[in-house]
Colleague: 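Pasting a structure below so you can have a look.
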Number of protein chains: 2
Amino acid sequence: MDRRQEILEAASKSFSLFGYKATTMDQVAKIANVGKGTIYTFFSNKEILFQEIVVKMIQEMKTAADEAISAEKPFQQNAHAVLMKVLEFREVHLLYAKLIEEEKELRTPAVKHVLIRIEQEIVNFVGDKIKTAISKGEIRECEPDLVAYLLLKAYFGFVADWGETHDFELSEEKIASLFRDTIFRGLLP
Amino acid sequence: MDRRQEILEAASKSFSLFGYKATTMDQVAKIANVGKGTIYTFFSNKEILFQEIVVKMIQEMKTAADEAISAEKPFQQNAHAVLMKVLEFREVHLLYAKLIEEEKELRTPAVKHVLIRIEQEIVNFVGDKIKTAISKGEIRECEPDLVAYLLLKAYFGFVADWGETHDFELSEEKIASLFRDTIFRGLLP
DNA sequence: GTGTGACTGAATCTCTCAATCAGTCATTTT
DNA sequence: AAAATGACTGATTGAGAGATTCAGTCACAC
């Protein structure tokens, strides 16, 4: 059996269930049925192992986001679908959810860096879609990276932070129409 | 001399310099030249004293925001001016800046509550301006509270968070044009 | 050569005791 | 008598030392 793969799967399981800090290399070794030293022949340290798993997750997320896009639909609908899919990922994907929790209460630096990186990957992804939309004339000229950042921060704000200061959740339809009437409407040619 | 006022000024100074947690009632008493017991004849506890000072600060902030508005200018410019003024306040006003710092590293609950309250006051303030603009026909019908929340989160994101993940700051002109081309343009009739 | 787990020391946790501080109230001052 | 005070209290927090944990290594086994 592929030992490297076994280790990755074991670590992935453990990081998802217990988070970065609470996952020990001894535990990963045990789950993977290898000696601890073996892990270090494939991954130079815990953080590298962690990052490789996160990169895998980012790939998954990109795939999921791409699947939410359909070529016939207008930019606005696709952008909304992508952002909602990403936000869903935050809650549904065990590892992602665990990392957000860990960042909030433990403030593990490695986790912070990784979350920043994930966010940047999302911004880049959305930024690319915006560039494509501009070149197709679907939306007006604009600074793609700024707009992508704006969209992400705004969506995150409504889906993640709104609940903390209000005692009712916003329906997806409310969110969609808000963005349709503001940011997206402003982007149209 | 007005003892109540003396206490308020002393406490305000101390909260601004040392934050909520590091301010002791003994210290406030000393600065105000009163016995500690005297404080408790005017304010039932430390948190109430703190809140009264924060309410004063909110008033100041509202005044500053109102001064940034001019009746002749279009909604968009006024909204931008108000939000930038509020964001400037975050950095310039000693107490506000100190509280943000304390919330980040100490996570004092009393400070968290107060910061949430300040944010809500700002959202309400902006929400009111939006309602007025709608009734004047300056902007289209929309959900004022949602749009206010969106504007605040987006502005905060760019002015407070952008610097953390990028090594260059955004000029105010860049920010202004981004919002002009997106959210504001979408709000126009 | 490959895989292993006992070993190391640096970092973190835990437990104890000391110090701090919000809030009270008996006493003093006006 | 009304207002002001600061020594006092107990609950919470901090500091320090000792114990524990764990990432990473390396001598040995297979």
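The sequence lines fix the lettering, A, B, ..., with proteins before strands; numbering per chain opens at 1.
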Colleague: Hey, what do you get for CG (Leu150(A)) to CG (Asp181(B)), rounding to the nearest 0.5 Å?
Modeller: 11.0 Å
Colleague: In whole Å, I'd like the distance from the CG atom of Asp2(B) to the P atom of dA3(D).
Modeller: 14 Å
Colleague: One character per nucleotide, please: for nucleotides 25-30 of chain D, 5' to 3', B when the base has a protein heavy atom closer than 4.0 Å, S when only the sugar-phosphate does, - otherwise.
Modeller: B-----
Colleague: Between residues 17-30 of chain B and DNA chain C, which residues have a heavy-atom gap below 4.0 Å?
Modeller: Thr23(B), Thr24(B), Met25(B)
Colleague: Compute both the distance and the angle, then confirm whether Lys129(A) meets the cation-pi test with Phe125(A): under 6.0 Å from the six-membered ring centre, within 45 degrees of the axis.
Modeller: yes
Colleague: In whole Å, I'd like the distance from the NZ atom of Lys46(A) to the P atom of dT21(D).
Modeller: 15 Å
Colleague: What is the distance, rounded to the nearest whole Å, between atom CZ of Arg4(A) and atom P of dG3(C)?
Modeller: 13 Å
Colleague: Rounded to whole Å, how long is the line connecting atom CD of Glu47(B) with atom C1' of dC21(C)?
Modeller: 15 Å
Colleague: Between C1' on dG6(D) and CD1 on Ile39(B), what's the gap in Å once rounded to a whole number?
Modeller: 12 Å
Colleague: Less than 4.0 angstrom between a side-chain N/O of Arg3(B) and OP1 or OP2 of dT5(D), yes or no?
Modeller: yes
Colleague: Using C1' atoms of five pairs at each end, report the bend of the helix from dG1(C)-dC30(D) to dT30(C)-dA1(D) rounded to 10 degrees.
Modeller: 10°
Colleague: dT5(D) phosphate, OP1 or OP2: any side-chain N/O from Thr38(B) under 4.0 angstrom?
Modeller: yes
Colleague: Which whole-number value in Å describes the distance from Ile7(B) CD1 to dA3(D) C1'?
Modeller: 12 Å
